[in-house]
Amino acid sequence: MKKRMKQLLAMTLAASMVASLSVSALAEEGGGTEAETEATTERADDGNTLVASVTGLEQKFSPFFASNVDDVNISDMTQVYLMGNDRVGEPVLSGIEGETRSYNGTDYTYTGAADIVITENEDGTVTYSVTMRDDIQFSDGTYADIDDVIFAMYVFLDPTYDGSTTLYSTPIVGLEEYQSGMSTLFDLLAAAGEDNTDFTYWDEETQTAFWADLKQAGIAFAQEIVDYCVAAGYAADSSDVATAASAWAFDGLADDATAEDFWNLLVESYAGDYATLSTTETAGSSLFDLMEDYSAYSVGITTGETADYISGIVRTGDYSMEVTTSELDATFIYYMAIPITPLAYYGDEELYDYDNHSFGFTKGDLSGIKEKTTAPMGAGPYMFNEYSNGVVYMEANPYYYKGEPVTQYLNFVEITSEDDKISAVTTGTVDIADPSYSGERADEISSYNSDGELSGDILTTLLYDFRGYGYIGISANNVKVGDDASSDESRALRKAFGTIFAVYRDESVNSYYGETASIINYPISSTSWAAPQVTDDGYTVAYSVDVDGNAIYTDDMTTEDKYAAALTAALGYFEAAGYTVEDGVVTAAPEGASLTYTVHIGASGSGDHPSFLLLSNASEALASIGITLDINDHANASELYAAYQTGAADMWVAAWQASTDPDMYQLYHSEGSTNYYMINDEELDELIMAARQTTDQTFRKSLYKSAMEIIMDWGVEVPVYQRSEMFVVSTERVNVDSLTPDMTPYWSWMSEVETIEMN
């Protein structure tokens, strides 16, 4: 499946894994909102209100249906999850007593709502035994128990569930039987088609109304994409449909094409898979959001035999349960981060009878749960009060099991423009914001502080590593010798380029990011628990040995010495690949290889990218030994994505957004859906699958280390940098010492929001 969603303005490919049972979406950028002024005038001046920025809200604050990252954050403030994680995203399984783990040389103790014990059974099944603490209270003062968790699981696993959580894709025993024999009316109507004459499950009037509703929503959906492209500068105006469609990587429309033509092309491309189409291609609104009466078509229709309960979910006590999967899946544990939602609020207590297979709502009808989407409730640190004019107002939950928050009120204010976030903190509109990091914004922050530093008397800057990394990809199919991409000669060819790219990383990244980015040497984000550490045995710098395995560099080398040494090593690799080398210059290429290759980068057509200087230096160095490296700097980022996702690119520059779990299947397995490197290695496949089949984190880390060494030996990826993101906090209004230390992508100021004090 092609992935084009929001590729026009972002240089990341999301391999999103569920951490809090949610996925993130990118919000549109724009000017300031009237909410900013309102927040300034209405915020309490009693020193007991914390105000934070959000980029854009869809008002889906439900723990079941939130998808936008800001909506998820607001929902999370009202919820407690069955399982949490530490600063590197590793699950905390002994939450009741807590677990102490070291990060950056400091020990931190993590507590949570439950203990989870994983048992691998002799028959190949795996049982997750959950014991929940008995002192969790919802914000209305009532106590939570395991029935609230079971209720939530059945919502997520209902055959008609259409939220972002993918618990339904897991191998829970009995789940297949529970979901079979029932489909939504939407899916049945869509599968039957407009010309259907079988009205067993609906009448002709319903069918006619459905297709009319879907058509008008689809045209509006396509027009949103067009308007998005216009706003981004990729199409002239709202009628320039063909150009916008092409920018969105859908070619073939006539110059006078309409939004309806674009919609028909989208449907054809996705073969009528409207659910995937809606979530993958959206430029703002979901297709279903644009339908006038989607709720009428989201009900479940029984079409065959279907179980009325899931045998793998077993209540074992008032505060305990067992969940059994049919096989071991190392990623399943992350799905145990289930929200402990109040059944009495989201469901119907009269419909909950565990022994008689009734779980708080009628199977196939989630309408009651959806009615509460804009008004969340739970056992989290804050209670939702209201949303008004771009501001979410919240109040401390006095019953929060970790203690009532020190700051009584918490507001979230929409600030849609990244450029306005820093000034919003200085003017008092918000107390904490999350602008994207750049050198320009760092200078802006420093200008406000009297000492000219990033943290001072006006603003405090909290940097943390981005949950991803920048890299250079090399296609094994396009950069090879002969017909065998896995041969020693083909690997040597790619390593020749890798050696040159690697030596120029420091200068390029430092000139762009300064001290807020670091060089990485393995194809994994350094934020992951599986990332090799410098202190680990066998840790090596990427592409730092020659063709004979000898170290290329010595400690006493100058920078220029290293450049020269890398060039010599590259010549050795080219020669090993079968190239003709005479007097230090490559003069001929072997069959299947070339003296000229092209690398693609999305640097706005102007070289604005942390790896652009690297490529320029590498191109110049390679030219000196007879190799031409052409740099294709795309002004339109969609062209970059199309180049490598279609397999056309020799090499490309991009960034991965890392998942919480380091599973490598999608990116590097021979059958992985985004294996753009075209790596095909049986041993690598076995390591990836073996890592999926154990829950031993230490063993998994060793497996991934071996897998990464194979990837590097293929020479298909050059890890480049790990950059920083930031929070900007008002030093004047917030006691910055009360913020949780050592923030990471998995552990932000919201992770211990209850401790934050105002000045």
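Everything numeric in this text was worked out from a predicted model, so none of it was measured.
Using a 4.0 Å cut-off between charged side-chain N and carboxylate O, E725 and R467 make no salt bridge. One finds a salt bridge joining K60 and D289 here, because a Lys/Arg side-chain nitrogen approaches an Asp/Glu carboxylate oxygen to under 4.0 Å.
Side-chain atoms of Y309 and N356 form no donor-acceptor pair, as typed in the model, at a separation below 3.5 Å. Of the N and O atoms on the side chains of S246 and D251, at least one donor lies less than 3.5 Å from an acceptor on the other residue. Using a 3.5 Å distance cut-off with no hydrogens or angles, the side chains of T55 and K421 do pair a donor with an acceptor. A donor-acceptor pair shorter than 3.5 Å can be found between the side chains of E418 and S436. For the 3.5 Å distance criterion, the side chains of D147 and Y352 qualify, holding a donor opposite an acceptor. For the 3.5 Å distance criterion, the side chains of Q137 and Y400 fail to qualify, holding no donor opposite an acceptor. A side-chain donor from one of T184 and D187 sits under 3.5 Å from a side-chain acceptor of the other. Counting only N and O atoms by type, the side chains of W211 and E194 include no donor and acceptor under 3.5 Å apart. A side-chain donor from one of D198 and T200 sits under 3.5 Å from a side-chain acceptor of the other.
The distance from atom CG of L343 to atom CG of D145, rounded to the nearest 0.5 Å, is 8.5 Å. Distance check: Y274 OH to S286 OG gives 14.0 Å after rounding to the nearest 0.5 Å. Atom OH of residue Y644 and atom CD of residue E639 lie 13.5 Å apart, to the nearest 0.5 angstrom. Distance check, rounded to the nearest 0.5 Å: OG1 of T374 to CD of E371 gives 10.0 Å. With rounding to the nearest 0.5 Å, the separation of CH2 in W749 from CD1 in I432 is 5.0 Å. Note that CZ of F250 is 14.5 Å distant from CG of D261, once rounded to the nearest 0.5 Å.
If you run side chain to side chain contact (heavy atoms under 4.5 Å, CB included) between D213 and each of T208, L290, D293, only D293 comes through. With Q207 as reference, N196 is the one residue of D195, T197, N196 to meet the side-chain hydrogen bond (donor to acceptor under 3.5 Å, both in side chains) rule. Each of T373, T78, V392 was evaluated against F61; a single residue qualifies, V392, per the side chain to side chain contact (heavy atoms under 4.5 Å, CB included) test.
Between F210 and Y297, the ring center distance clears the sub-6.0 Å criterion. Ring-centre distance between W248 and F262: not below the 6.0 Å cut-off. Aromatic pair Y346/F64: centroids less than 6.0 angstrom apart. A ring-centre distance under 6.0 Å is not found for Y154 and Y354.
Side-chain atoms of Q179 come within 3.5 Å of backbone N or O of L157 as a donor-acceptor pair. Of the possible donor and acceptor atoms, none in the side chain of T276 sits under 3.5 Å from a partner among the backbone N and O of D273. A side-chain donor-acceptor contact under 3.5 Å links D70 to the backbone of G56. E395 places no side-chain N or O within donor-acceptor distance of the main-chain N or O of N385, the cut-off being under 3.5 Å. Side chain of T243 to main chain of D240: no donor-acceptor pair is present (N/O by atom type, distance under 3.5 Å, no hydrogens or angles). Using a distance-only test at 3.5 Å, with no hydrogens or angles considered, a donor-acceptor pair links the side chain of T646 to the main chain of A642. Between the side chain of T165 and the backbone N or O of L167, no donor-acceptor pair lies under 3.5 Å. Between the side chain of T166 and the backbone N or O of S169, no donor-acceptor pair lies under 3.5 Å. Between the side chain of D661 and the backbone N or O of T331, no donor-acceptor pair lies under 3.5 Å. No side-chain donor-acceptor contact under 3.5 Å links D71 to the backbone of A66.
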task = Please test Y387 against E414 for side-chain hydrogen bond (donor to acceptor under 3.5 Å, both in side chains), starting from the C-alpha separation and ending with a verdict.
result = CA-CA 11 Å; Y387 169 83; E414 283 185 298; 3.2 Å; yes
request  = Show your reasoning for whether side-chain contact (heavy atoms from CB on, under 4.5 Å) applies to E281 and I225.
outcome  = CA-CA 8 Å; E281 302 301 342; I225 296 175; 4.3 Å; yes
Y81 vs Q79, side-chain contact (heavy atoms from CB on, under 4.5 Å): CA-CA, chis, key distance, verdict = CA-CA 6 Å; Y81 290 84; Q79 302 299 316; 3.9 Å; yes
key: Candidate pair Y161 and F65, rule ring pair (Phe, Tyr, Trp, His ring centres under 6.0 Å), full reasoning   = CA-CA 9 Å; Y161 175 73; F65 296 104; 5.5 Å; yes
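When side chains are defined from C-beta on, M377 does not count as touching K372, because their heavy atoms never get closer than 4.5 Å. You'll find the side chain of V323 reaches within 4.5 Å of the side chain of M153, heavy atoms only. In this structure the side chain of W656 reaches within 4.5 angstrom of the side chain of L667, judged on heavy atoms. Proximity of I415 to V430: side-chain heavy atoms (C-beta onward) are separated by under 4.5 Å at one or more points. Taking the side chain as every heavy atom from C-beta outward, T282 and L287 never approach each other to under 4.5 Å. You'll find the side chain of S298 stays beyond 4.5 Å of the side chain of F186, heavy atoms only. Side-chain contact between F384 and M77 is absent, with no heavy atoms from C-beta onward closer than 4.5 Å. No side-chain heavy atom of Y228 sits less than 4.5 Å from a side-chain heavy atom of E224.
For G89 against T660, the heavy-atom pair with the smallest separation is O-CG2, 3.5 Å. Between A259 and Q223, the closest heavy-atom pair is CB-OE1, 3.4 Å. The two residues A396 and M383 make their nearest non-hydrogen contact at O-CE, 3.2 Å. Closest approach of P376 and Y345 over heavy atoms only: C-CE2, 4.5 Å. For the pair I340 and A144, the tightest heavy-atom approach, listed with the atom from each and the gap, is CG2-CB, 3.8 Å. Nearest heavy-atom pair, D227 versus S238, reported as atom, atom and distance to 0.1 Å: OD1-CB, 3.4 Å.
With a 6.0 Å radius and a threshold of 12 heavy atoms from other residues, nucleotides or ligands, D255 has its CG atom at or below the threshold. Crowding of E386 atom CD: a count of heavy atoms from other residues, nucleotides or ligands under 6.0 Å exceeding 12. The number of heavy atoms from other shown groups lying within 6.0 Å of NZ (K370) is above 12.
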Show which side-chain atoms of residues 357-369 pair as donor or acceptor with protein atoms under 3.5 Å away, not counting sequence neighbours.
residue: H357; atom: ND1; partner: D308; partner atom: OD1; Å: 3.0
residue: H357; atom: ND1; partner: D308; partner atom: OD2; Å: 3.4
residue: S358; atom: OG; partner: L351; partner atom: O; Å: 2.2
residue: K363; atom: NZ; partner: Y178; partner atom: O; Å: 2.7
residue: K363; atom: NZ; partner: T306; partner atom: OG1; Å: 2.7
residue: K363; atom: NZ; partner: A307; partner atom: O; Å: 2.7
residue: D365; atom: OD1; partner: S367; partner atom: N; Å: 3.1
residue: D365; atom: OD1; partner: S367; partner atom: OG; Å: 2.7

